[in-house]
Structures are given as structure tokens and as C-alpha cells.
Amino acid sequence: MCSGSFAKCLGITLIPLAILCVLCNILLFFPGGLVAEDNNHITEEVFYFGGVMGSGVMVSQLLLGSGKSQGFWHGMFTSIIFAAVGVLGAGYSFIVSAVAIHKGPKCLYMNVRELHTTQFIDYLNNHTLWEGCIKPEGIVTWHLTLFSMLLVMGLLQAVLCAIQVINGLIGAICGDCCGCCGGV
């Protein structure tokens, strides 16, 4: 497959991933699917916008920048740069999600008046903690599901963007259809 058409296939794959990451980040602003009473009831990692800024905007730059070419070499160079920015953005989303999963959700625990977070490892070892978070209802599942989705999609986007960096380098060295390397 030519490097140009391979880049288009990667771009088409990244579009739904970027949209899903933005949606996950937006949904995290509604803990347990409800409107938060106060910003203090929302996990602080949500405000780092890993799904919006990292996976959404930065990976979308790859898609926006790939069509603005003044020539083959310029197109390959911009593709490499935008893909590298996409790797950074997806990596940012991955790291923010991993930290959020590790810290756990903010919840009202067993009628204690203050909200607190519990380390994720505690949730894995003791599932009764899940039932201890009484408000907002279902926050543990909500938190873990959405941040896990961001984590996996961020990793997938980073891999796809890294593949695009390699594809751009091969395209720049060998040409679009890579006749020197045995391709068609």
C-alpha cells in the first residue's frame, strides 16, 4: 500500500477515536451521569482535559494538517510533524487517564460529610468499597469505565500516530509508492 493511502486509512481510523475521547471527557463532567452540585464533586483530572485537548484536539491536528500540502516532500514532512504532535497528545490523554484511575473517583463515602478519593488498588482488592460510595450513585463504575476508555483509546491513538510517523519517514525516503523497497 502506498504511504499516502495508508495515511488516509489511519486518518479515517483516528476520527472516531478522537470524537469518542472528547465525548468521554465531556461525560466525566457529569459524575454518575448527573449534574454535579459543585466543581469540587468532579475529579480534578477531568479538568486536565485529557480527552479533549490530548486525544481530541492534538490528534485532530494530524487530520487537519495532512491535507494542506504544497508538494510531496512538504506533505510528508508536515505529516511526520503532525503525527508526532498526535503521539504527544495521545500520550497526555493516556497519562491523565492512568493517574485518574489510580486516584479513584470522588464520592461521598458511607455518609461521611466530605468527598474523598480512594486509590484504585483498594477498589481492586475490596469490592465492598464500590458500594461504600453512595453519592453520586454508580460513580465508581462511571469513573472507571470512562477513564479506562480514555486510557485505551489514548494508547491506540499513540500507536497509530507513531505508525504514521514511521509511514511518513518511509514515504519521505522511498517516495509515495515505495518502488525502491519492493512495494507496488
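The analysis underlying the following values was restricted to heavy atoms, covering all of them including side chains, and did not include hydrogens, waters or symmetry mates.
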Out of curiosity, [X] [atom1] to [Y] [atom2], how far, rounded to the nearest 0.5 Å?
| X | Y | atom1 | atom2 | result |
| --- | --- | --- | --- | --- |
| Ile95 | Tyr48 | CD1 | OH | 13.0 Å |
| Ile101 | Thr43 | CD1 | OG1 | 11.5 Å |
| Thr13 | Ile163 | OG1 | CD1 | 10.0 Å |
| Ile15 | Leu20 | CD1 | CG | 12.0 Å |
| Met149 | Leu27 | CE | CG | 8.5 Å |

Same cluster or not: [X] versus [Y], using hydrophobic residues (I, L, V, M, F, W, Y) connected whenever any side-chain heavy atoms lie under 4.5 Å apart?
| X | Y | result |
| --- | --- | --- |
| Leu151 | Met53 | yes |
| Val96 | Leu28 | no |
| Phe94 | Val46 | yes |
| Leu160 | Val152 | no |
| Ile26 | Tyr92 | no |

Please find the pair of heavy atoms, one from [X] and one from [Y], that lie closest to each other, and give the distance.
| X | Y | value |
| --- | --- | --- |
| Val52 | Asn25 | N-OD1, 3.3 Å |
| Leu150 | Gly51 | CD2-CA, 3.7 Å |
| Leu146 | Cys24 | CD2-SG, 3.9 Å |
| Leu14 | Cys161 | CD1-SG, 4.1 Å |
| Met153 | Cys21 | CB-SG, 3.6 Å |
| Val165 | Ala83 | CG2-CB, 3.5 Å |

**OP:** Using the six-membered ring wherever Trp is involved, compare the ring planes of Phe49 and Phe29 and label them parallel, tilted or perpendicular (cut-offs 30° and 60°).
**Re:** tilted
**OP:** Give a yes or no on whether a salt bridge exists between Glu44 and Lys103, defined as a side-chain N under 4.0 angstrom from a carboxylate O.
**Re:** yes
Original post:
Does the pair Leu156 and Leu17 meet the rule for a side chain to side chain contact (heavy atoms under 4.5 Å, CB included), with working shown?
Top reply: CA-CA 9 Å; Leu156 185 58; Leu17 288 174; 3.7 Å; yes
Original post:
With a 3.5 Å cut-off and no angle check, do the side chains of Gln164 and Ser79 form a donor-acceptor pair?
Top reply: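 Yes, side-chain donor-acceptor contact under 3.5 Å.
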[X] side chain to [Y] main-chain N or O, any donor-acceptor pair under 3.5 Å?
| X | Y | answer |
| --- | --- | --- |
| Trp142 | Phe30 | yes |
| His143 | Ala100 | yes |
| Ser93 | Gly50 | yes |

